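Here is the structure we will look at.
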Amino acid sequence: MSSVKDWAAPTPISENRSGLIGKGVNRYEGRLKVTGTAPFAYEVEAPSPPAYGVLIPASIARGVVTSADVSQAKSAPGVLLVWSPDTVPAQGERGARINPRSQRGSNPALAARVEHFGQHVGFVVADTLENAKAAAALVRFTYDSVPADLIFEDCLDKAEDPEGEEDVRIGDFEAAYAKAPVRLDASYVSPLQNHAQMEPCATTAWWDGDQVTVHTSIQMVKGGQHTLAETLMIPSTQVRLLTRYIGGGFGGKGQSYDDLTLAALAARELGQPVKVAYTRQQMFQATIHRPAVQMRVRLGAQADGRLDAFALEAVTHCRREAPFTEHAANFARSLYAAPNRLTGHRLVKLDIPAAGAMRAPGEASGMLSLECAMDELAEQLGLDPIELRLRNEPETDPETGKPFSTRQLVRCMTEGAQRFGWDRRNPKPGQVRDGRWLVGLGMAAAIRGNFLLPAKAGVRIDADGTLTLRQGMTDIGTGTYTILAQITAETLGVPLSQVKVELGDSDFPPAPGSGGQFGAATAGSAAFAAGMNLRRALAELATGDPNSPLYGDDPELVTFGGGNIAVDNRAEPLDVLVARAAPEGVYVEGSITPAADARDYSQHTYGAHFAEVGVDPDTGEVRLRRMFGVFAAGRILNAKTAMSQITGGMIWGVGTALHEYNAVDPRYGSFIAQDLAGYHVPAHADIANLSAMFLDEVDDKANPMGIKGVGELGIAGAGAAIANAVYNACGARIRDYPLTPEKVLAALP
Amino acid sequence: MKPFTYARPSTVADALAMVAEVPGARFLAGGTNLVDLMKLQIEQPTHLVDVSRLPLGQVEETAEGGLRLGATTTNSQVAADARVRVRYPALAQAILAGASGQLRNKATTAGNLLQRTRCAYFYDTTKPCNKREPGAGCAAIGGIYANTAIFGASQACIATHPSDMAVALSALDAQVEVTGQNGQARAVALDDLHRLPGETPQIETSLQPGELITAVVLPPPPLGGQIYRKVRERASYAFAIGAVAVAGGKVALGAVAHKPWRAKAAEQALAKGANPAEAMAAEMTGARSDGHNDFKVKLMGRLGAACLTSTAGAGSDQ
Ligand SMILES: Cc1cc2nc3c(=O)[nH]c(=O)nc-3n(C[C@H](O)[C@H](O)[C@H](O)COP(=O)(O)OP(=O)(O)OC[C@H]3O[C@@H](n4cnc5c(N)ncnc54)[C@H](O)[C@@H]3O)c2cc1C
Ligand code: SF4
């Protein structure tokens, strides 16, 4: 196992001789995407004409399918196959080989036991999508329903401890809180939210003998491959899973769904390629979602603002049979100093679709509570909200006492305050007007953990000098292709145009995929290791080749740059070397494993959000006027893709504060919003003047490149800054997200 | 989507004949509403008669000093027309408050008027809905969808009409020109085009089967200020949860009823000298809310008063 000490040495990445690291280079696959020529899973051309599958949802929340009348559907035009719970082929149990982080049972497909409204209970394949859809409408089901628990707020008394978890207590919270001269006790609610990716779940599948090839939209290549192999009861070696382009994942595609299972099963049955895609409605009703969270914050402070007692207790929900905890309190364990602390979670089991990971699980909803509570406490104390945070800035991790690897939260706040013009904020709410709008400013801190997982990568150089990086990694629209190309080019000292990147194939060296903002650090570190191994291999090749000008040199002294391999002033181009000495090319692999001693540090990414909003006193409408964020997240690999990730997160934060929610109909168990006209995420007009900056940082405890994740940090705390600005604008403190016109209007005089 | 046939006539007479020929035939304009509903199998026409190439795409002056908007003028075209912007600013504002640029480029004047409700249960075909299936019941009553009617609702349906444009046209006292199967043209006041739901919410307008809208006619602009204000849950690309059009002394409310709601009580109060808040209070005494949509009563009272205040004493270019 490696040690963080190995990561402090200079590397081609830290030296950055050609300046590619950090440069805002354009997306590797950008042109393909904007010209519509990047084939997404449903559009991949099959080797022979495909058939089209359509899924049929259950219309009860809980019970069993007692009968399925498929006679009309079977004789409908173009129909090739109709499956219901009693006719769907047998499927293997999932479990043994599943990565628990990425896979949760949605197995078997078309089960007779209905566990939520919209679970698929029927499947039709026909020659065209239209024929399949028309036939699907002809299948008739009967059910035996049983009572279901559907509404979170109504089931709070059924909340339990999540299995294997306990509250974390430091000191004596209750005693310290009781004694504190200044106290705050406030509860906040973050609603159920959907991922609402642009690209629905989709699969194109075909068989070649006993080998199945599937193109599917999934964030985790290996997880998907193994799951499908288990379902089909065949070895993983007989499953090739590809996921080259993904139109948004956000955690919602961390697992596979019925499109994958049924496309593969039907393609086998029919001996013909099969395509299956979820409808927009099925994306809401038959994938995972971010669960609602109810959060109680209690803060006990001295008159000078120092916290003596801090508690954040979260209650959330999951599907009855699919345990998942939205860890909305975890972030707070490393944020502010307070000697007496209590954090914990309770879980309500419901008969609705499964809860699961969605961008910044935990922080995204959790920070909506504490970061507003700090604003409320600051007002109570007569302190500026930044000053209150400064007074509670810990020197070491407030729970574990471990040193921080890096922590620039204070600089994020002070730098942001200066650039944003925070000193112009009037601490008294409701004082500033611009035309009919009431105007207010708000801020919040951001924190999100940083992670590194084991991964591999392979890189080859061909005789023409082309470098090809291959990895079973995914790019869910975040820029993974691009940063891997930059890392490879900089490590080998070649121009970007000489590098190809191939991702999303289970035949390639495995990487854990995209999630938890660990993608760039994990996949990138493996690519870097592969590149370093290729340097070594090429150095050996050149110094051992009598025809090379480097013949006989010490391989340790070899340098790379400008497309050349060199020692002192002796050099030759890489393509010349490879064409001569290894005309079949050179291929090596590299890997990364987490360092054992990395756990000796408290490691996070940080930021501060600043927002200015207008509130319409006639209507309760809130509009963002400007927003600015300052972030510290290790070395930045690509200024452009990192900025797009971080501002994308902030925009989502605006959505969590103002727009996004779904609700379960207590009579049916279905969601009220089932399409993108009804489920509101920010539109362009909602995002005025939003920008961010990164502080210079290298975290040498994080990985060999000193980088950290930026994919989730931007959303953490963003919504709280908006809610605080709304309060500052109009004096309405709304603790129930999102802050819709209806709620704001109700709170206005 | 069910298989259907398609025809593209070039004259009004052909269009009328083609729709009459095939049972279950429908006119198709921009398709931005009808095609979406076909994909969900809420609408299942057997034959589509595409009216978008009919010679009804002009905005013309009328002899009376108003404007005649051809049925197939696009929402973008009307909102950008200099005459509309100067003389009927409330209409331009209303159109631009609706949908998105791409949709407005396709959406037509007639199609916009005849777009169907956005009631969530109308869209969810697993739920009972008297509009989709008369007699099936209404899932919105006792449901959790809040963008429902506070005026003129019935026991059969509490849906609202989603159009922004229609609300401004109502306040502007527009007339709708239609041609029937007999080839005869007639004019319908905009306020008489849409119906309240009553016992038959599936019948949404006073049009006869196969009747074609050929134009919307605007009378000369009224004296006094005009404004359209729309309240929505995000800054664009969202349907109204409340809207107000004011044109001269005329007031129409959106997202509150099965049709653009002409605020007659408010208008009468204004005529008698009431101030804006009093006039709106008079209107809102007729509102009926059901718990979920209570907020609309406060919202419409305030928004209406704000619109009336801002237009009071202003000229026609507000
Ligand atoms: C995502 C989304 C958001 C939207 N947001 C808004 C919004 O905020 N505000 C708003 O007002 N609207 C909004 N709309 C609705 C949009 O304005 C309508 O879809 C559009 O105006 C319909 O016009 P069309 O020409 O496309 O009609 P079509 O879809 O072609 O037709 C609609 C109906 O009108 C009938 N029809 C069309 N022309 C004639 C004619 N000449 N005579 C008789 N019958 C005819 C058709 O048979 C059909 O029944 C939105 C739509 C979408 C998809
Ligand atoms: S309100 Fe009208 S449109 Fe909505 S479900 Fe009831 S009947 Fe259908």
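Side-chain atoms are counted along with the backbone in the values below, which use heavy atoms only and exclude waters and symmetry mates. Model, not experiment: these values are computed from the prediction. Within every chain, numbering begins at 1; the chains are lettered A, B, ... in the order of the sequence lines, protein sequences first and strands thereafter.
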Where on B/Ser236 is there a heavy atom nearer than 4.5 Å to chain A: the side chain, the backbone, both, or neither? both

Sort A/Val664 into side chain, backbone, both or neither according to what part of it lies under 4.5 angstrom from a heavy atom of chain B. backbone

Chain B contacts, top residue of A/His680, A/Lys743, A/Glu130 (heavy-atom pairs, under 4.5 Å): A/His680

Give, as side chain, backbone, both or neither, the part of B/Gln41 having an atom under 4.5 angstrom from any heavy atom of chain A. side chain

At a heavy-atom separation under 4.5 Å, does B/Ala139 approach chain A through its side chain, its backbone, both, or neither? both

Return the option, out of B/Leu40, B/Ile144, B/Asp124, with the maximum number of heavy-atom pairs under 4.5 Å with chain A. B/Ile144

Is A/Pro738 in contact with chain B via its backbone, its side chain, both, or neither, using a 4.5 Å heavy-atom distance? neither

At a heavy-atom separation under 4.5 Å, does A/Ala688 approach chain B through its side chain, its backbone, both, or neither? neither

Charged N to carboxylate O below 4.0 Å: is that the case for B/Asp164 and B/Arg232? no

Can you tell me which portion of A/Ala683 sits under 4.5 Å from chain B's heavy atoms? Options are side chain, backbone, both or neither. both

Let me know if A/Leu676 has heavy atoms under 4.5 Å from chain B in its side chain, its backbone, both or neither. backbone

Cationic tip of A/Arg667 within the cone over B/Tyr121's six-membered ring, i.e. under 6.0 Å and within 45° of the normal? yes

Which bit of A/Thr740 comes within less than 4.5 Å of chain B, counting heavy atoms only: side chain, backbone, both or neither? side chain

Under a 4.5 Å heavy-atom cut-off, does chain B meet the side chain of A/Leu658, its backbone, both or neither? backbone

Between B/Tyr6 and B/Asp50, is any side-chain donor less than 3.5 angstrom from a side-chain acceptor? yes

Ranking A/His659, A/Gln281, A/Arg623, A/Lys133 by heavy-atom pairs under 4.5 Å to chain B gives rank one to A/Arg623

Would you call the rings of A/Phe671 and A/His289 parallel, tilted or perpendicular if under 30° counts as parallel and over 60° as perpendicular? perpendicular

With chain B, which of A/Ile672, A/Thr128, A/Leu624, A/Val681 has the greatest number of heavy-atom pairs at distances under 4.5 Å? A/Ile672

Has the side chain of B/Asn130 got a donor or acceptor atom that lies under 3.5 Å from a matching backbone atom of B/Ala156? yes

Is the backbone N or O of B/Leu113 less than 3.5 Å from a side-chain atom of B/His161, with the two atoms forming a donor-acceptor pair by type? yes

Which is it for A/Tyr737 and A/Gln193 under the side chain to side chain contact (heavy atoms under 4.5 Å, CB included) test, yes or no, and what are the steps along the way? CA-CA 11 Å; A/Tyr737 293 92; A/Gln193 298 161 347; over 6 Å; no

So, are B/Lys127 and A/Asp665 salt-bridged, with charged N and O less than 4.0 Å apart? no

Quick check on the interface: out of B/Met300, B/Arg234, B/Lys296, B/Arg302, who has the most heavy-atom pairs with chain A under 4.5 Å? B/Arg234

Say whether B/Gln115 and B/Asn112, considering side chains only, have a donor N or O and an acceptor N or O under 3.5 Å apart. yes

